[in-house]
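For reference, the structure discussed in these notes is given below.
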Amino acid sequence: MPKTRVSQGANGQYKVTVPKGIAEAMALDGQRLEWKVKSGNTLEVTVVNE
């Protein structure tokens, strides 16, 4: 399972890098994502087709 790191930018926003293989497999380039806390320390990320 690929691992990434969360970092905070100068503007206070947090950034997460999506592993290349996952981004390409899900065609994430230019897509909008919705983030939710599912439970405890588990996140759910959904591609939003608006």
Side-chain angles (χ1 to χ4, degrees):
M1 181 180 314
K3 296 180 182 174
T4 60
R5 185 173 305 272
V6 177
S7 60
Q8 189 173 20
N11 65 356
Q13 288 282 15
Y14 289 88
K15 304 177 209 176
V16 177
T17 301
V18 177
K20 183 178 180 182
I22 292 173
E24 289 177 347
M26 297 188 70
L28 293 180
D29 189 32
Q31 296 293 320
R32 294 183 56 87
L33 304 177
E34 177 180 272
W35 297 74
K36 290 194 290 188
V37 176
K38 193 165 183 181
S39 65
N41 64 351
T42 303
L43 291 174
E44 178 178 273
V45 180
T46 305
V47 177
V48 179
N49 296 317
E50 294 180 344

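Because the structure is a prediction, the values reported are computed rather than measured. Count residues from 1 along the sequence.
- The two atoms that bring V48 and E34 nearest to each other are CG2-CB, 3.4 Å, heavy atoms only.
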Compile the donor-acceptor pairs under 3.5 Å between side chains in residues 11-29 and protein atoms, sequence neighbours left out, one pair per line.
from	atom 1	to	atom 2	distance (Å)
N11	OD1	Q13	N	2.9

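- Side-chain contact between L43 and V37: present, with at least one pair of heavy atoms (C-beta onward) separated by less than 4.5 Å.
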Q | side chain to side chain contact (heavy atoms under 4.5 Å, CB included) between L33 and T46, worked out | A | CA-CA 6 Å; L33 304 177; T46 305; over 6 Å; no
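- Residues forming a salt bridge (Lys or Arg N to Asp or Glu O under 4.0 Å) with K36 (at least two apart in sequence, or on another chain): E44.
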